[in-house]
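First comes the structure, then the notes that go with it.
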Amino acid sequence: MSGESGIKETEQALIGCCEVAKLVIERISDGIQFRDVTEIISTITRNEDFREKVALAVDGVSNIPEEVVDIDLKEATELSKILLDYLPIFVGAFNYALRNREQ
């Protein structure tokens, strides 16, 4: 994340959304159980890094439309890199879920 680009709020929102998705996917990849809910709540309430990323994502959300109106190739690439960082986590969790589902 560059921080100097014109898409700072969009980057932070994307990271926050990916963190929430990662948390949920990792917790329910083996099926939904009551324990998953308690672990998600625990992460939300106790994990400072998680809370900070989500707070940053929410804080500047109103600025996102202005940022994406004139997005250029460099900025689109920066956003794509953020998604690529999370892709192995998502694919791994989905693969795990599919393997367990077939058994």
Side-chain angles (χ1 to χ4, degrees):
M1 183 169 67
S2 72
E4 294 181 19
S5 70
I7 56 168
K8 177 183 169 215
E9 308 298 343
T10 305
E11 288 175 327
Q12 290 174 339
L14 186 58
I15 290 168
C17 289
C18 285
E19 286 293 319
V20 170
K22 179 178 102 171
L23 173 64
V24 172
I25 290 169
E26 288 177 343
R27 295 281 51 98
I28 67 169
S29 65
D30 61 346
I32 300 173
Q33 295 131 22
F34 181 73
R35 181 191 70 217
D36 297 324
V37 175
T38 59
E39 289 179 9
I40 288 171
I41 291 170
S42 176
T43 298
I44 291 169
T45 58
R46 295 188 179 135
N47 185 318
E48 198 61 42
D49 183 54
F50 177 85
R51 289 186 5 203
E52 182 180 330
K53 287 177 182 177
V54 172
L56 286 171
V58 173
D59 284 345
V61 76
S62 63
N63 296 325
I64 293 174
E66 297 171 19
E67 292 180 351
V68 297
V69 164
D70 65 348
I71 197 166
D72 61 26
L73 183 59
K74 180 180 181 260
E75 293 168 332
T77 302
E78 290 176 27
L79 294 173
S80 298
K81 286 179 184 177
I82 292 169
L83 287 174
L84 284 173
D85 289 342
Y86 285 93
L87 190 60
I89 297 164
F90 297 155
V91 170
F94 284 125
N95 281 337
Y96 178 81
L98 288 173
R99 279 193 309 272
N100 286 331
R101 182 176 169 208
E102 293 170 357
Q103 294 177 358

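Since the structure is predicted, the reported quantities are computational estimates derived from the model, not experimental observations.
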For the pair Asp85 and Lys81, find out whether any cationic side-chain nitrogen is under 4.0 Å from an anionic carboxylate oxygen.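 Here Asp85 does not pair with Lys81 in a salt bridge, since their nearest N and O are not under 4.0 Å apart.
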Does this structure show an ion pair linking Arg51 with Glu48, if we count only N-O contacts that are shorter than 4.0 Å?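 The answer is yes: the pair qualifies as a salt bridge.
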Given Leu23, which of Ile28, Asp36, Ile40 fulfils the side chain to side chain contact (heavy atoms under 4.5 Å, CB included) condition?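 Answer to the side chain to side chain contact (heavy atoms under 4.5 Å, CB included) test with Leu23 among Ile28, Asp36, Ile40: Ile40.
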First locate atom [atom1] of [X], then atom [atom2] of [Y], and finally report the distance between them rounded to the nearest 0.5 Å.
X: Lys8; Y: Asn63; atom1: NZ; atom2: CG; value: 9.0 Å
X: Leu56; Y: Glu11; atom1: CG; atom2: CD; value: 11.5 Å
X: Leu87; Y: Ser80; atom1: CG; atom2: OG; value: 11.5 Å
X: Cys17; Y: Ile82; atom1: SG; atom2: CD1; value: 11.0 Å
X: Arg99; Y: Phe94; atom1: CZ; atom2: CZ; value: 13.5 Å

Is there a side-chain contact between [X] and [Y] (heavy atoms, below 4.5 Å)?
X: Glu67; Y: Ile71; value: no
X: Thr77; Y: Lys74; value: no
X: Gln12; Y: Glu9; value: yes
X: Leu79; Y: Leu14; value: yes
X: Asp30; Y: Gln33; value: yes

For the student: nearest non-hydrogen atoms of [X] and [Y], plus distance:
X: Glu75; Y: Asp70; value: OE1-O, 3.9 Å
X: Ala57; Y: Gly16; value: CB-CA, 3.7 Å
X: Ala93; Y: Ser29; value: O-CB, 3.5 Å

Cluster check Val54, Ile15: I/L/V/M/F/W/Y, side chain < 4.5 angstrom: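 No; Ile15 is not reachable from Val54 via cluster members.
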Is it true that Val37 and Ile25 fall in one hydrophobic cluster, defined by side-chain heavy atoms closer than 4.5 Å?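 Hydrophobic grouping puts Val37 apart from Ile25.
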Apply side chain to side chain contact (heavy atoms under 4.5 Å, CB included) to Lys22 and list each qualifying residue two or more places apart in sequence or on a separate chain.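 Applying side chain to side chain contact (heavy atoms under 4.5 Å, CB included) to Lys22 gives Glu19, Glu26, Tyr86, Ile89, Phe90.
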Can you establish whether the number of heavy atoms outside Ile44 located under 6.0 Å from its atom CD1 is more than 12?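 Yes, because the 6.0 Å sphere around CD1 of Ile44 holds more than 12 heavy atoms from other groups.
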